[in-house]
Number of protein chains: 2
Amino acid sequence: MTFSYKYERPALAVDCVVFGLDDDDLKVLLIRRDIEPFQGRWALPGGFVRMDETVDEAAKRELVEETGVGRVFLEQLYTFSALDRDPRERVVSVAYFALVNLSDHRVKAATDAREAAWFATSDLPALAFDHEIIVDKALERLRGKVRYQPVGFELLPPKFTLRMLQRLYEKVLEKALDKRNFRKKVLAMGLLEELDEVEQDVAHRAARLYRFDKKRYRELEKQGFDFEL
Amino acid sequence: MTFSYKYERPALAVDCVVFGLDDDDLKVLLIRRDIEPFQGRWALPGGFVRMDETVDEAAKRELVEETGVGRVFLEQLYTFSALDRDPRERVVSVAYFALVNLSDHRVKAATDAREAAWFATSDLPALAFDHEIIVDKALERLRGKVRYQPVGFELLPPKFTLRMLQRLYEKVLEKALDKRNFRKKVLAMGLLEELDEVEQDVAHRAARLYRFDKKRYRELEKQGFDFEL
DNA sequence: TGACTTAGTGTCCGTTTGACACCATTCTTC
DNA sequence: GAAGAATGGTGTCAAACGGACACTAAGTCA
């Protein structure tokens, strides 16, 4: 069965740039392509949009199907439409990006039928299609967002230390931050709930754990509060 | 002649939200639809993407064809894909937005074959499709941009007074600004070139004219300078 | 020439930002 | 159990910035 149209149409696809944070690095989730074109190369998870779903839904579906990563906030990034971005035929792709706590998703991704893995953004392999361009755009957006939104809590486990949070910001912004000033600022925002717990199994003094106060965030957001860091 | 595909595909379109500044108001450029659906209603300029052009090119082309507005910096805004956004069939639309100096474009738009006109954003007519949602998204983006980029010079004539610039910011941000603080800040950015001219034909003391120093802007931008206002 | 309208200018104060160094705690190793 | 290694946790000061605030100057019009 085929579908016929009076005018030629490009195919419509989605691609997802999913960032995770590792002890060492900001990472991106990639899958290895098992079909041509670019068979064997690493690529962003994604696929074609179906007629009974929005583009947002397609992105979410493809991400789960190909990597097992679900329950993620996907934000639309940009639509890529260069004429030759797919060698087979004209494909326009709507890119999405998401932040996840890598430790939640490390195993799932690796055990899925398709080969999926995390790669440090600073050391990516050659990617299929125009996916390098898409990743660059996503990084740019992440850097922009991080400056005026308390983004990045998604990248950490539910309970985290201030040092972990600082390292995250340093990775994303690619610059060192002063410990005292960072703590002062981030605590002053009032979005962190101090827990009566400390991290475990570290070979030095254990740091206090904090939790992101989502409820308070939503309250302040509603009041047009500014979260510039 | 028809085109057949193995899988069903949505049609792909573009829509343009073009903002202009009037003495009184922030305005949007609309065209009146001359065919069904929504015949007779006002809508954003736009149309279907061709196979030999990128989405960016399609937006630019449609804008010129339907309104005569050209030489404009169009920035991609968002891709809209609700299943029922077009009553005829599934259409996914990539929206763009642009800022233009309204006085340059007032006449052209009005004399084009299709009926085109500027409407105050605060007083829009009922729009076709989901175009109200698109305009809202564009306004949100404009407000976001204006805070950290010296956006908006595009909305003014090449030579403008500081008062005009301030009014622009007040319209976009929807709040009053202090004259002295505004001037202090905007001049401190060093992006304005003071001219040896004053405005003409005003019924009071004439204000000095300034010009936006694009060259300097690009220099500072390259150095990662911050233009928060 | 007087009334009206907008242009143009500076100070002060409270807040924020960024630079900067030391002791505390816990674990490891000898 | 003492010393060492690693990281946690804390405060001050000075400079820059942001926001509140009011008057004189210049030009037009009647």
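In what follows, chains are A, B, ... by sequence order, proteins preceding strands, each numbered from 1.
Residues passing the side chain to side chain donor-acceptor pair (under 3.5 Å) test with B:S93 are B:D15, sequence neighbours excluded. With sequence neighbours excluded, the residues that form a side-chain contact (heavy atoms from CB on, under 4.5 Å) with B:E75 are B:F73, B:F97, B:R141, B:K145. Residues passing the side chain to side chain donor-acceptor pair (under 3.5 Å) test with B:K184, sequence neighbours excluded: B:N181. Taking the ring-ring contact (aromatic ring centres under 6.0 Å, His included) definition, one finds that B:F119 meets it with B:W42, sequence neighbours left out. Remark: A:A126 pairs with A:R41, A:E132 by the side-chain contact (heavy atoms from CB on, under 4.5 Å) rule, at least two apart or across chains. Under the salt bridge (Lys or Arg N to Asp or Glu O under 4.0 Å) criterion, B:R180 pairs with no residue, sequence neighbours left out. Applying the side chain to side chain donor-acceptor pair (under 3.5 Å) rule to B:R85 yields the partners B:D130; only residues at least two apart in sequence or on another chain are considered.
Residues A:C16 and A:L74 approach most closely at SG-CD2, 4.3 Å, considering heavy atoms.
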*Assign a letter to each nucleotide of nucleotides 2-10 of chain D from its 5' end: B, base within under 4.0 Å of a protein heavy atom; S, sugar-phosphate only; -, no contact.*
----BSBBB
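Rounded to a whole Å, the CG atom of B:L177 is 13 Å from the P atom of D:dG18. Rounded to an integer number of Å, the gap from CE of B:M164 to C1' of C:dA7 is 15 Å. Whole-Å rounding puts the B:F182 CZ to D:dA20 P distance at 15 Å.
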Protein and nucleotides 11-14 of chain C: nitrogen or oxygen contacts under 3.5 angstrom:
| unit_1 | atom_1 | unit_2 | atom_2 | d |
| --- | --- | --- | --- | --- |
| C:dT11 | O4 | B:K184 | NZ | 3.3 |

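Within the structure, the ring-ring contact (aromatic ring centres under 6.0 Å, His included) test picks out no pair touching residues 186-207 of chain A (sequence neighbours left out). Identified under the side chain to side chain donor-acceptor pair (under 3.5 Å) test for residues 186-196 of chain B, with sequence neighbours left out: B:E194-B:R208.
Comparing A:K185 and A:V202 against DNA chain C, the residue whose closest nucleotide sits nearer the 5' end is A:K185.
Between the axis at the start and the axis at the end of the helix from C:dT1-D:dA30 to C:dC30-D:dG1 there is an angle of 10°, using five pairs per end and rounding to 10 degrees.
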